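A short worksheet on the structure shown next.
Remember, predicted model here, so these are calculated numbers, not experimental data.
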Amino acid sequence: MNGTTGTTDGFAGSGGLTDAALTAEMGDPARAAFLHAPAAMLVADRSGVILLVNHAFADLTGFTQDEVAHRPWPELLAEPDVRHGWELHRRALQTPEEEPQRGVELRCADGTPRRTVVRPRPLAFGHRPAGADAEEKTEPPEPSGVVVLCHGPMRNEETLRAITELRTENSDTALWTLDLATGEIGELFGPSPLGRLLAGDSRTIEEILARVHRDDIARLRDALEASYQGGDYEQRFRMFDQVGDERWLHARARFVDGARPRLVGIIDDVTEHVQLVRRLADRRRIEAAQGRQVTELAAKLVSATTLEEVTGLLTEEFVPIFGGSTATVLLVESGKLRLPASATESYGTRQWIEGRDASDTSYPMGAVIQDRQPRFFESRAEVLERFPAVQEMLHHTNAQSWATVPIFGDRRVALGVWQVAWTQPHHATPDERALMLTLAGLAGQALQRVNRQQAELELADAVQRRMLPPQLPDFPTLDVAVRYLPSRAGWRVCGDFYDAIQLPDRRVGLVVGDVQGHGVEAAAAMGQIRVAFRAYATNQVDPGVVVAETNRLLTETGEIPFATCGYLVLDLESGEMQAAWAGQPPLVIATENDFEVWEPETGPPVGVDGDSKYPVSTRRLHPGETLLMCSDGLVESAEVPMDEGLERVGRALLGMTADVHAAATSLAELTPAGRGDDIAILIARMR
């Protein structure tokens with residue numbers, strides 16, 4: 001069998017039957033049963049030529065016996081399926097036990113295709129080779145032809161329809177089909193609730209795509225183009241339903257080949273799933289953001305350097321984390337409850353709290369301090385039941401729930417309490433309670449650190465002021481004004497200093513410097529370096545030698561890391577200035593109408609390299625000119641470059657050079673670089 005038409009006179013030399021022989025073999029009862037069988041069937045010889053068809057086949061296809069006789073049965077199939085028909089025919093003859101079958105398109109008499117499952121079976125009537133004895137046992141005879149059964153692809157269509165309707169009736173699912181040739185789209189078993197909601201009266205794919213979200217339409221069209229090439233389909237997209245609501249849909253389909261290729265698939269409404277995923281993602285983002293916020297605020301608490309920073313974090317920045325409305329911090333001072341000086345009125349209840357004995361357990365704050373246990377109250381009734389004395393105070397607040405947590409220092413000494421309030425009933429979860437206790441513990445450490453730093457600040461400030469010259473000497477023909485401004489950045493007290501030294505031969509030594517470091521050590525080191533300058537200045541004429549000797553001494557003792565400084569010797573007779581600089585900012589020289597920045601040649605800071613040399617720069621200070629020496633805190637910060645700071649200081653001196661004290665006061669108020677560092681100012685003017 002080679003796929004060509006056969007002949008009805010025989011089987012191309014295969015010993016096949018003719019139509020008459022077939023009829024004789026079958027007999028009248030068998031023929032009648034075949035013709036009237038409910039299943040559509042045909043009989044073909046070995047070459048595939050149709051010998052006989054039954055009435056059911058004629059009903060299925062519209063062909064009569066005469067119209068299909070002498071035609072190969074595979075040629076009744078649609079063009080793409082002809083080769084499949086021949087393959088099934090060959091396999092039925094060669095391997096009868098397999099009973100192969102396949103879904104194909106059968107062309108009816110009117111030209112319309114009909115999806116059909118064909119199953120060829122071998123046909124044999126017991127012929128034996130010539131000369132064989134009837135008693136002899138021989139091999140089974142070869143098939144004389146095939147009988148082809150044709151039936152619809154879904155034998156249990158009604159059952160499947162019922163199951164599908166039950167599946168889609170109360171679910172967000174629809175079964176759909178798209179004719180890729182015409183673009184018509186519909187549901188396999190009629191309208192479903194989801195189908196009506198999405199499609200309504202729409203019958204074409206273009207009508208459906210018109211309601212797809214504009215951000216998804218291009219992707220859907222690309223996927224459809226791939227389906228036209230024979231690919232399966234799967235997409236998730238957004239679409240507006242018949243009432244205008246946006247829905248998320250998940251569509252899947254299988255490509256079905258044939259004369260009219262199509263997609264057959266399922267579409268699910270996954271809007272609720274997408275919304276749930278979004279809510280979970282939003283919740284995780286919120287939790288992650290809160291976690292980062294807690295971490296950042298806890299870091300601020302750990303690095304807080306003032307009482308105002310600690311209490312501000314507890315009463316303002318931490319409250320939103322717990323959804324609270326207000327919060328307050330009460331500190332224990334000399335056995336009394338005190339609101340910090342910077343605290344604002346939180347509840348309108350200050351008169352009932354301020355100055356109360358910290359051991360008064362008739363109030364929640366005192367009870368928490370005494371037994372060192374937190375208190376959480378979800379309602380007013382709950383707090384009144386335990387503490388009736390607060391009834392009058394509750395008339396002056398709209399708070400409904402409270403959390404009162406102790407703030408401990410070392411050895412669990414109660415430093416105060418932190419109280420968060422809500423304007424509605426609130427249940428503090430175990431996680432919230434644990435977080436509050438953790439933050440209160442950090443606050444206790446911060447308060448102790450602030451107290452120690454404040455004590456050190458006061459000591460360092462006192463030491464530094466004692467190390468600075470209490471009063472400058474009077475110089476003939478020279479006015480000198482100085483200012484020292486401690487930093488306002490937390491507890492920083494640095495080693496900035498100034499000095500004016502009376503030298504022989506009507507000369508004056510002017511010094512401004514800045515010792516690295518903070519606190520008492522920096523203040524003490526500043527005193528040492530100022531004494532060293534005085535000692536060397538009285539014995540050395542060259543300012544470069546004075547700075548070099550001071551550098552060598554400090555390097556050998558190793559008591560300070562390093563210091564920047566500028567030393568200038570002014571001859572009151574000639575106005576000549578000799579300057580030896582060690583990393584200090586330049587000088588500003590101003591008149592009534594103009595100013596300039598003088599940058600003496602500089603060496604490294606003192607205390608770094610004991611063998612360093614310091615060159616001397618010379619300039620003359622003319623009558624009417626005012627000289628400004630300062631530490632870098634006046635003209636430089638992280639936000640203000642030094643050039644900009646010097647420019648602003650120089651302009652501020654214009655018109656003020658005649659009164660050095662007024663000029664010093666003005667610069668102390670200006671502080672163009674802020675107050676993040678100590679500032680030393682020295683202004684001199686020859687009369």
I need the L175 CG to I267 CD1 distance, nearest 0.5 Å.
11.0 Å
Side chain to side chain, E317 and K300, heavy atoms closer than 4.5 Å:
yes
Any donor and acceptor pair, going by atom type alone, linking the side chain of W248 with main-chain N or O of D269 inside 3.5 Å?
no
So that I can tick it off, tell me whether D268 and R252 are bridged by a salt bridge, with the cut-off set at under 4.0 angstrom between side-chain N and carboxylate O.
yes
Under a 3.5 Å cutoff, is there a donor and acceptor pairing between the side chains of H250 and E234?
yes
I'd like to check T564 versus D632 (side-chain heavy atoms, cut-off strictly below 4.5 Å). Are they in contact?
no
Atom CG of D215 with >12 non-hydrogen neighbours under 6.0 angstrom
yes
Side-chain heavy-atom pair D677, S637 within 4.5 angstrom cut-off
no
Please examine the side chains of R247 and M239, heavy atoms only from C-beta on, and report whether any two atoms are closer than 4.5 Å.
no
Do the numbers put R651 on top of the ring of F595, so that NZ or CZ is under 6.0 Å from the six-membered ring centre and no more than 45° off the axis?
no
R356 side, atom CZ; Y363 side, atom OH - distance, nearest 0.5 Å
4.0 Å
The ring-ring contact (aromatic ring centres under 6.0 Å, His included) partners of F533 (sequence neighbours excluded) come to Y567
Between the side chain of T657 and the main-chain N/O of A590, is any donor-acceptor distance below 3.5 Å?
no
Could you tell me if the side chain of V649 sits less than 4.5 Å from the side chain of L667, heavy atoms only?
yes
Considering only heavy atoms from C-beta outward, does the side chain of I407 approach that of L314 to under 4.5 Å?
yes
Short question: side chain of T397, backbone of L394 - any donor-acceptor pair under 3.5 Å?
no
Tell me whether D245 contacts the main-chain N or O of D241 through its side chain, where contact means a donor paired with an acceptor under 3.5 Å.
no
Full working for side chain to side chain contact (heavy atoms under 4.5 Å, CB included) between L628 and I681:
CA-CA 7 Å; L628 166 67; I681 299 173; 3.8 Å; yes
Spacing of CZ belonging to R238 relative to CG belonging to L220, to within rounding of 0.5 Å
11.0 Å
Take atom CD of Q370 as the centre, draw a 6.0 Å sphere, and report whether it contains more than 12 heavy atoms from other residues, nucleotides or ligands.
yes
Taking every non-hydrogen atom, the tightest pair across G645 and V640
N-CG1, 3.9 Å
Main chain of A399, side chain of R380: is a donor-acceptor contact present, judged purely on distance under 3.5 Å?
yes
Any side-chain donor near an acceptor of the partner, T423 and N398, under 3.5 Å
no
Value rounded to 0.5 Å, distance of NE2 in H427 from OG in S379:
12.5 Å
Residue pair L330, W418: steps toward the side chain to side chain contact (heavy atoms under 4.5 Å, CB included) verdict
CA-CA 7 Å; L330 297 169; W418 174 34; over 6 Å; no
Rounded to the nearest 0.5 Å, what separation is found between the CD1 atom of I683 and the CZ atom of R483?
8.0 Å
Heavy-atom closest pair, residues E636 and A673:
N-CB, 3.4 Å
Side chain of S666, backbone of A662: donor and acceptor closer than 3.5 Å?
no
Quick one: do V212 and F240 satisfy side chain to side chain contact (heavy atoms under 4.5 Å, CB included)? Show the steps, please.
CA-CA 6 Å; V212 172; F240 297 95; over 6 Å; no
Considering non-hydrogen atoms only, spot the tightest contact between A481 and A664 and give its length.
CB-CB, 4.0 Å
Without swapping roles, check the side chain of Q448 against the backbone of D410 for a donor-acceptor pair under 3.5 Å.
yes
Which atom of P340 lies closest to which atom of L307, heavy atoms considered:
CB-CD2, 4.4 Å
Just by distance, with hydrogens left out, do T404 and Q419 show a side-chain donor and acceptor under 3.5 Å apart?
yes
Could you tell me whether the side chains of S401 and E378 share a donor-acceptor contact shorter than 3.5 Å?
no
Kindly indicate whether the side chain of C630, heavy atoms from C-beta on, has any atom under 4.5 Å from the side chain of I679.
no
CZ (R236) and CG (D216) are apart, to the nearest 0.5 Å, by 11.5 Å
Of all heavy-atom pairs between I369 and A414, which one has the smallest distance, and what is that distance?
CG2-CB, 3.8 Å
Show the numbers, then the answer: is there a side chain to side chain contact (heavy atoms under 4.5 Å, CB included) between F497 and V511?
CA-CA 8 Å; F497 66 95; V511 184; 3.6 Å; yes
Is there a donor-acceptor pair closer than 3.5 Å between any side-chain N or O of E382 and the backbone N or O of F377?
no
Does R219 use its side chain to pair, donor to acceptor, with the backbone of F237 at less than 3.5 Å?
no
Quiz question: by atom type and distance under 3.5 Å, do the side chains of Y484 and D496 form a donor-acceptor pair?
no
Decide yes or no for P605 and Q584: does some side-chain heavy atom of the first lie under 4.5 Å from some side-chain heavy atom of the second?
no
Would you name the heavy atoms of S631 and P585 that are closest together and state the gap between them?
C-CG, 4.0 Å
